[in-house]
Amino acid sequence: MRIPFLLERATSAQQQQNKRTIMGTRYNFRENEEKWQKAWRQASLFKAKEESPKYYVLEMLPYPSGRLHVGHARNYTIGDVIARYKHACGFSILHPMGWDAFGLPAENAAIQHGVHPKTWTLENVRLMKEELLSLGFSYDWDREILTCSPDYYRNEQKIFLDFLKQGIAYRKKSFVNWDPIEGTVLANEQVIDGKGWRSGAPVERRQLFQWFLKITDFAEELLDDLSNLDHWPEKVKTMQAKWIGKSEGARILFPLIEKNETLEVFTTCPETLFGASFLGISPDHPFVEGLAKSIPALQTFVVECRASGTSQKDIEMAEKKGFNTGLTVQHPFIKDLTLPLYVANFVFADYGTGIIFGCPAHDSRDYEFAVKYKLPILPVIKASHDENLPYEGEGILINSDFMNGMTVNEAKKEIIGRLESKKLGSKETSYKLRDWGISRQRYWGCPIPIIHCPDCGVVPVPEDQLPVILPQDVTFDQPGNPLDAHPTWKYVVCPKCNGAAERETDTFDTFMDSSWYFARYCSPHSSQPFVKEEAEFWLSVDQYIGGIEHAILHLLYARFFTKALRQCGYWDLKEPFQNLLTQGMVCHETYRDLAGTWLYPDEVEKRNGFFVKVSDGTPIKIGRSEKMSKSKCNVVATEKIVQEYGADTIRLFMLSDSPPERDFEWTDAGIEGSWRYINKLWRLVTSRLSDLNSIKKSEIPQDFTDKAKEIRKLTHKTIAEVTQDIERFHLNRYIARLREFSNALEDFLPSDSSEYWVLNEALHTLVLLFAPALPHLAEALWAELGQAPFIYDQPWPQSDPMWVQEETITLAIQVNGKMRGTVEIQPHLKEEEIKALILSVPTVKAQIKEKIIKKFIYVPGKVANVVL
RNA sequence: GCGGGCGUGGUGGAAUUGGUAGACACGCCAGACUUAGGAUCUGGUGGCGCAAGCCGUGGGGGUUCAAGUCCCUUCGCCCGCACCA
């Protein structure tokens with residue numbers, strides 16, 4: 001196998017293409033795909049019409065990163081199959097496409113290559129759109145959206161102002177990753193091992209005023225409504241539910257001994273209170289801030305804790321550290337017991353109350369902490385079997401006074417009751433979900449429509465002054481946000497008092513842009529974000545398709561926006577995406593040279609059986625297959641593949657091997673195999689055309705020969721099975737069944753008029769069933785079969801149940817659960833008759849010999865098991 | 001660290017509710033055709049065994065007449081963790 005097939009084969013493929021045309025036996029994809037794409041465009045075939053029944057197919061909004069890679073191609077091929085299939089089933093389709101055009105990579109390109117983010121982005125969009133067009137997807141391009149256009153973001157600014165009116169948007173102080181050398185805020189991905197990716201300086205957490213959306217107000221609804229999303233993968237619903245993280249617990253008051261103050265603790269395990277050995281408070285808690293003023297060592301400790309990025313992962317994986325404040329609190333139920341108060345780096349300020357009580361015996365983090373600081377570890381829950389500490393499972397309470405002998409649930413109720421009657425605490429529901437911080441200290445995003453006035457404070461930009469346009473004349477030659485450094489843009493007059501004021505220079509998180517785009521597609525040219533009636537006609541999305549990596553954030557934010565927009569009166573919609581398909585990633589082998597540098601597939605080739613670098617012939621190392629990513633160079637651009645093999649071949653390959661939800665392995669052999677099959681299909685249909693000319697196609701024959709019956713049965717069985725496969729997104733099986741079908745047709749050489757009729761029906765069916773997957777080839781073959789365009793508008797074939805039924809059933813025979821052969825039976829046979837039949841089978845007789853039959857199990861139509 | 005998944009031949013994967021493991025392909029092997037071509041066609045292909053048969057779904061254990069599928073445990077890999085999108 002030659003790896004650098006792309007360049008070399010492109011030439012040979014072209015030569016072959018010529019030969020094929022002359023010979024007339026090969027499918028000319030180049031000519032054909034161009035021809036049909038043009039015809040579709042001229043007929044405005046994919047223009048969405050507001051007619052019932054409707055079907056909205058949506059693939060996740062792509063970021064215009066440069067070139068279309070095969071991961072995109074997979075996502076859109078799946079969507080296109082669904083869209084075309086549903087259209088054939090009689091639905092009016094909305095199938096749009098657009099661009100998630102704001103974001104960090106454009107700014108990085110600006111810094112690295114000196115190209116303006118807008119120029120870079122628009123060029124990428126141009127290239128990627130060209131490639132999308134070449135793949136023949138059924139998009140309604142009249143509805144294309146571009147999130148970086150003022151037309152789009154003006155509406156986003158309006159939505160934000162409405163959120164502000166409704167109290168959904170608010171401002172508070174929050175931490176960012178601060179690079180002290182660059183003097184800029186870094187994204188989490190720009191922090192590597194706690195250091196800035198460019199400067200290498202240790203990152204610190206710094207507080208800034210930022211805008212937030214109150215997603216927590218919707219926590220309960222976001223959780224409850226998950227149960228209505230019947231066609232979402234269970235794993236995604238589970239992940240979202242855990243992310244929202246609702247927990248019933250208690251708020252407990254601990255009076256400080258040394259001060260006349262009380263600390264409030266939130267815990268999900270109040271029943272372990274008698275095992276408490278310390279209180280842990282977050283270094284970012286306001287109480288600590290006050291305390292640190294008088295304790296310099298604590299001040300130092302807090303700074304140390306902040307010497308890392310904001311990422312949850314980094315904070316949680318950091319070594320547990322504590323600072324003993326010297327303060328103590330009173331245990332609510334044990335008079336003589338006081339607990340030390342530690343500032344602890346593993347306690348989060350924004351979960352619960354920011355203070356915990358540590359019960360080392362039953363929490364692994366508390367346990368680690370207690371061992372380190374030599375704090376008592378008292379077990380209060382006894383497991384049914386001996387368990388090592390820390391033990392976090394169910395059990396019976398011990399060492400807990402009035403709760404001894406209770407189960408965990410009983411004890412929870414009991415202690416909350418007692419806390420409430422003593423006025424030392426109360427039952428409390430808490431969520432892990434935090435409010436959504438939407439401010440970004442960056443240029444290439446939607447400007448936040450806010451003005452800061454020294455007299456009036458925070459003033460929203462009046463709606464008639466929208467959009468707040470992002471200025472173009474910026475440079476990236478200094479640290480920080482170019483909007484901050486802009487000489488004029490941010491200086492404005494206050495809309496309230498006409499005094500001198502300044503614009504907010506932060507921009508929105510780009511997740512904002514993708515949280516409502518599905519609604520914009522419904523009214524892409526409206527002066528409002530969308531028209532209620534149009535949005536409510538099309539939404540919710542009937543089938544949403546995208547990567548599993550968006551299981552939580554994007555999908556949760558979009559669900560939240562839907563509910564927040566309802567609160568603002570935009571619509572009555574509850575959920576944006578009725579059905580969700582999360583597709584797996586596309587993987588490819590990785591290559592490195594001797595120096596360990598990653599190489600692209602076309603920098604590698606096989607010479608004399610060894611893989612070497614094309615440029616200098618030195619050996620290379622082949623790594624295992626990994627998710628395609630630019631950083632590992634194992635990406636395959638669709639453009640070259642389309643040029644060499646055509647759109648239908650790449651589409652076929654994307655559908656063939658793996659089921660959509662699993663990872664997909666890209667191989668050169670696989671694309672070759674698909675190309676061969678495309679030609680096989682072309683030959684199968686075109687070589688039989690002359691056979692079909694003589695027959696009267698409209699008249700169903702009175703009698704069918706056995707051979708004709710067999711093929712007709714297969715035809716109708718295939719329709720039924722393929723339909724079910726597509727409905728269930730078993731798209732690889734959909735293709736596999738059609739291959740089986742076409743294999744059978746290749747062997748079918750008709751000789752009787754009923755057989756010709758059946759062949760005609762079978763070929764028409766085959767082409768119709770393939771049409772969603774291979775639209776260009778299907779249009780071409782449809783025309784070859786003498787039919788008028790477009791196959792796109794043809795109804796989906798219906799299977800005749802009479803022809804799907806089997807006359808006999810193959811029954812599996814087992815002896816003691818082991819397979820011993822099969823037997824053909826009539827479906828109407830009774831169990832006794834079947835038993836007699838099976839006991840007469842030689843292989844069964846050989847197993848039974850003299851033994852006694854203890855049991856006979858018969859599962860109708862499936863299996864019979866003789867138990868000895 | 002926490003949360004969620006996945007694991008089947010040389011390879012990608014098939015296998016309603018537990019009921020014929022390996023569909024359909026890729027690859028490989030053998031043959032046919034042929035102006036030798038990465039074209040096309042035919043046959044074979046989980047492992048062991050001459051065969052009967054035995055063994056096989058990451059490893060170990062369990063439930064069941066019956067386990068790829070259910071339960072426990074263990075290993076490996078992947079996704080997400082709130083400023084990548």
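Sequence lines set the chain letters: A, B, ... in the order given, protein chains first and strands last, and positions in each chain run from 1.
Contact annotation for A:Q312: backbone-only contact, meaning every heavy-atom pair under 4.0 Å involves sugar-phosphate atoms and none involves a base. Residue contacts shown for A:P659 are limited to sugar-phosphate atoms, with no base heavy atom under 4.0 Å away. Among the protein residues, A:F511 comes within range of the nucleic acid bases, having at least one heavy atom under 4.0 Å from a base atom. Within 4.0 Å of A:S658, counting heavy atoms only, lie sugar-phosphate atoms of the nucleic acid but no base atom. The residue A:R739 sits close only to the backbone: its heavy atoms come under 4.0 Å of sugar-phosphate atoms, none of a base. Nucleic acid contact class of A:L433 (heavy atoms, under 4.0 Å, all strands): base. Contact annotation for A:M60: no contact, since no heavy-atom pair falls under 4.0 Å across all strands. Using a 4.0 Å heavy-atom distance criterion, A:V867 is classed as a sugar-phosphate-only contact. Using a 4.0 Å heavy-atom distance criterion, A:L186 is classed as a base contact. Among the heavy atoms of the strands lying under 4.0 Å from A:I857 is at least one base atom, whether or not backbone atoms are also near. At a threshold of 4.0 angstrom between heavy atoms, the contacts of A:G584 with the nucleic acid are absent. Among the atoms of the strands shown, none is found under 4.0 Å from any heavy atom of A:H554. No contact: A:R365 has no heavy atom under 4.0 Å from any strand. Residue A:V176 is classed as a base contact, given a heavy-atom separation below 4.0 Å to a base.
Using Watson-Crick or G-U wobble geometry with both donor-acceptor distances under 3.5 Å, B:A36 finds no partner in any strand shown. Using the Watson-Crick or G-U wobble rule with both distances under 3.5 Å, B:U69 pairs with nothing in any strand shown. Judged by Watson-Crick or G-U wobble contacts below 3.5 Å, the nucleotide B:U57 has no partner. Across all strands shown, B:C28 forms a Watson-Crick or G-U wobble pair, both distances under 3.5 Å, with B:G44. As the counterpart of B:G1, B:C81 is assigned, both hydrogen-bonding distances of the Watson-Crick or G-U wobble pattern falling under 3.5 Å. Nucleotide B:C6: paired with B:G76 (Watson-Crick or G-U wobble, both distances less than 3.5 Å).
Phosphate proximity of B:U20 to A:T822: absent, as no side-chain N or O sits under 4.0 Å from OP1 or OP2. Under 4.0 angstrom from either OP1 or OP2 of B:G7 there lies at least one side-chain N or O belonging to A:R662. Between A:R676 and B:G27 there is a side-chain N or O to OP1 or OP2 distance below 4.0 Å. In this structure, A:K818 does not reach the B:G56 phosphate: none of its side-chain N or O atoms is under 4.0 Å from OP1 or OP2. Taking only side-chain nitrogens and oxygens, A:N865 never comes nearer than 4.0 Å to OP1 or OP2 of B:U64. In this model, the phosphate group of B:A85 is not approached by any side-chain N or O of A:R440 to a distance below 4.0 Å at OP1 or OP2. Contact between the side-chain N/O atoms of A:N732 and the OP1/OP2 oxygens of B:G12 is not found at any separation under 4.0 Å.
Of the candidate nucleotides B:G4, B:U40, B:G80, B:G4 has the atom lying nearest to any side-chain atom of A:K235. Residue A:V859 places its side chain closer to B:G19 than to any other of B:U20, B:G19, B:A85. Residue A:M239 has its side chain nearest to B:G3 when only B:C84, B:G3, B:C65 are considered. Closest to the A:A736 side chain, of the nucleotides B:A23, B:C26, B:A82, is B:A23. Closest to the side chain of A:R683, from the set B:C55, B:C81, B:C41, is B:C41. Of the candidate nucleotides B:A14, B:C41, B:C81, B:C41 has the atom lying nearest to any side-chain atom of A:K680. Among the nucleotides B:A85, B:C65, B:C84, the one closest to the side chain of A:N188 is B:C84. Taking only side-chain atoms of A:T810, from C-beta outward, the nucleotide of B:U20, B:C41, B:C81 with the closest atom is B:U20. The side chain of A:K855 lies closest to B:C65 when the candidates are B:G3, B:A85, B:C65. For A:A669, counting side-chain heavy atoms from C-beta on, the closest listed nucleotide (B:C2, B:G12, B:G27) is B:G27.
Both the sub-6.0 Å distance and the 45° axial angle are not jointly satisfied by A:K320 relative to the ring of A:F369. A cation-pi arrangement is present between A:R739 and A:Y677, with the terminal nitrogen or guanidinium carbon under 6.0 Å from the aromatic centre and inside a 45° cone about the axis.
Not one N or O on the side chain of A:D509 forms a donor-acceptor pair closer than 3.5 Å with the backbone of A:I438. Looking at A:R737, its side chain never comes within 3.5 Å of a backbone N or O of A:T718 through a donor-acceptor pair.
On the P atoms, B:A25 is 11 Å away from B:U42, given to the nearest whole Å.
Ionic pairing of A:R434 and A:D350 is present here: one or more N-O contacts between side-chain nitrogen and carboxylate oxygen are shorter than 4.0 angstrom.
Base orientation of B:G43: anti, the glycosidic angle falling outside 90° of 0.
If you find the closest nucleotide of RNA chain B to A:K432 and to A:E665, the one lying nearer the 5' end belongs to A:E665. Between A:T238 and A:Q190, it is A:T238 whose nearest contact on RNA chain B lies nearer the 5' terminus.
The nearest whole Å value for the distance from the CD atom in A:Q583 to the P atom in B:G12 is 19 Å.
Side-chain atoms of A:R440 and A:Q210 include no donor-acceptor pair closer than 3.5 Å.
Taking the six-membered ring where the residue is Trp, the centroids of A:Y63 and A:W99 are separated by 6.0 Å or more.
Using cut-offs of 30° and 60° on the angle between ring planes, the pair A:H554 and A:Y544 is tilted.
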